[in-house]
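Start at 1 with the first residue, then count along the sequence. Hydrogens, waters and symmetry mates are skipped; everything else that's a heavy atom, side chains included, is used. For clarity, every value in this text was computed on a predicted model and none was experimentally measured.
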Amino acid sequence: MNEFFGSTLFFGAVITIAFYECGILLKRKFKLALFNPLLICVVAIILFLVLTGTAYSVYYDGAKYISYLLTPATVCLAIPLYEQMELLKKNWKAVMAGILSGVLTSLTTVFALAALFHTGRALYVTLLPKSVTTAIGVGIAQELGGVVTITAAAIILTGIFGNMIAQTVYRVFHITEPIARGVGLGTAAHAIGTARAMEMGEVEGAMSSLSIAVAGVVTVVGASLFANLPV
């Protein structure tokens, strides 16, 4: 199977897009948060590779072309923010307070759980950057001596989980303010959460886009400080 799929240049990209589209169809049909397209895509790809005996390296040779789109997609997040610049200027204090409190909550929670379960420093610093985008989180983990692969997995799972439960959380706690919803998603669930925020509205998407960048910078500083705490 490795030779067969390896001979197809875009094999990884094709099955990734196909599984993601299946996830979208399931989400539209059942309208349940559990049927998150990204989650379905990840699980389906893992099962496919295991059942067919296909090596990950073979899959990635084709899937890497999708990764190339990550940079321009991230840059495009600046567009909704630019369109809502006046709104940001009027509410910048509340936005900054929301981002700072979100980052502090994330770091404090990881510290408390690490201390409670006696995880040791290596796993503790590995999980500290779980709520920031992968590029920043992996860099933080490397600098602090964490396990990069676990950090990447934790970041992805955090984003998917935040994407899935955001609407329910906002409904339960009656959070209707677009700025608050956007800041919450961007700070807690990075780019995957931002995708959900953009579905909610333009303001939510813009605030979430801003939160990704600011939360990343704040986490770099905060994680360095929290890493020195005994667990």
Side-chain angles (χ1 to χ4, degrees), residues 74 77-78 80-81 84 87-117 119 121-148 150-167 169-170 173 175 177-198 200 203-231:
T74 303
L77 293 177
L81 177 60
Q84 301 296 331
L87 185 63
L88 174 61
K89 290 178 181 179
K90 293 179 181 178
N91 298 276
W92 71 269
K93 292 182 180 179
V95 171
M96 291 301 114
I99 296 173
L100 289 174
S101 62
V103 172
L104 182 61
T105 299
S106 175
L107 296 174
T108 302
T109 301
V110 173
F111 169 71
L113 292 175
L116 178 64
F117 292 103
T119 62
R121 186 180 186 281
L123 185 57
Y124 167 55
V125 297
T126 295
L127 297 177
L128 275 177
K130 66 175 180 58
S131 292
V132 298
T133 187
T134 307
I136 298 176
V138 167
I140 294 174
Q142 286 178 327
E143 185 69 23
L144 298 178
V147 184
V148 174
I150 297 179
T151 298
I155 290 173
I156 293 172
L157 290 175
T158 299
I160 292 175
F161 188 66
N163 184 297
M164 291 172 58
I165 70 169
Q167 194 66 53
V169 170
Y170 292 157
F173 291 97
I175 301 175
E177 169 56 49
I179 295 177
R181 288 154 68 102
V183 170
L185 268 168
T187 304
H190 51 86
I192 301 177
T194 299
R196 185 72 183 91
M198 288 184 169
M200 294 180 178
V203 175
E204 288 91 335
M207 296 302 110
S208 188
S209 300
L210 171 68
S211 300
I212 294 175
V214 178
V217 174
V218 175
T219 300
V220 170
V221 178
S224 299
L225 298 175
F226 270 75
N228 296 318
L229 298 177
V231 292

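- Residues in residues 128-145 take part in these side chain to side chain donor-acceptor pair (under 3.5 Å) pairs, two or more places apart or across chains: S106-K130, S106-S131.
- Residues passing the side chain to side chain donor-acceptor pair (under 3.5 Å) test with E177, sequence neighbours excluded: none.
- Proximity of Q167 to M200: side-chain heavy atoms (C-beta onward) are separated by under 4.5 Å at one or more points.
- Applying the side chain to side chain donor-acceptor pair (under 3.5 Å) test to S208 and every residue at least two apart in sequence or in another chain returns T194.
- Contact between M198 and G205 at its shortest, heavy atoms only, is CG-CA, 3.7 Å.
- In terms of modelled atom types and a separation under 3.5 Å, the side chain of T126 and the main chain of T151 share no donor-acceptor contact.
- For the atom pair CD1 of I150 and CG of L127, the computed distance is 7.5 Å after rounding to the nearest 0.5 Å.
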Could you give me the CA-CA distance, side-chain angles and deciding distance for L107 and L128, then say whether side-chain contact (heavy atoms from CB on, under 4.5 Å) is met?
CA-CA 6 Å; L107 296 174; L128 275 177; 3.8 Å; yes
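- Residue-environment remark: OH (Y170) exceeds the threshold of 12 foreign heavy atoms within 6.0 Å.
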Step-by-step side-chain contact (heavy atoms from CB on, under 4.5 Å) determination, T219 to I140:
CA-CA 9 Å; T219 300; I140 294 174; 3.9 Å; yes
Under 3.5 Å, sequence neighbours excluded: what are the donor-acceptor pairs made by side chains of residues 223-231?
| from | atom 1 | to | atom 2 | distance (Å) |
| --- | --- | --- | --- | --- |
| S224 | OG | V220 | O | 2.9 |
| N228 | ND2 | S224 | O | 3.2 |

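- Looking at every heavy atom in both residues, N163 comes nearest to R196 through ND2-CB, 3.5 Å.
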Under 3.5 Å, side-chain donor or acceptor atoms of residues 181-192 against the rest of the protein: list the pairs with distances, not counting sequence neighbours.
| from | atom 1 | to | atom 2 | distance (Å) |
| --- | --- | --- | --- | --- |
| R181 | NH1 | I175 | O | 3.0 |
| T187 | OG1 | V183 | O | 2.8 |
| H190 | NE2 | I155 | O | 2.7 |

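- For the pair E204 and P178, the tightest heavy-atom approach, listed with the atom from each and the gap, is CG-O, 3.4 Å.
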Identify every side-chain donor-acceptor pair in residues 91-103 under 3.5 Å, counting partners at least two apart or on other chains, and give the distances.
| from | atom 1 | to | atom 2 | distance (Å) |
| --- | --- | --- | --- | --- |
| N91 | ND2 | L87 | O | 2.8 |
| S101 | OG | A97 | O | 3.0 |
| S101 | OG | G98 | O | 2.9 |

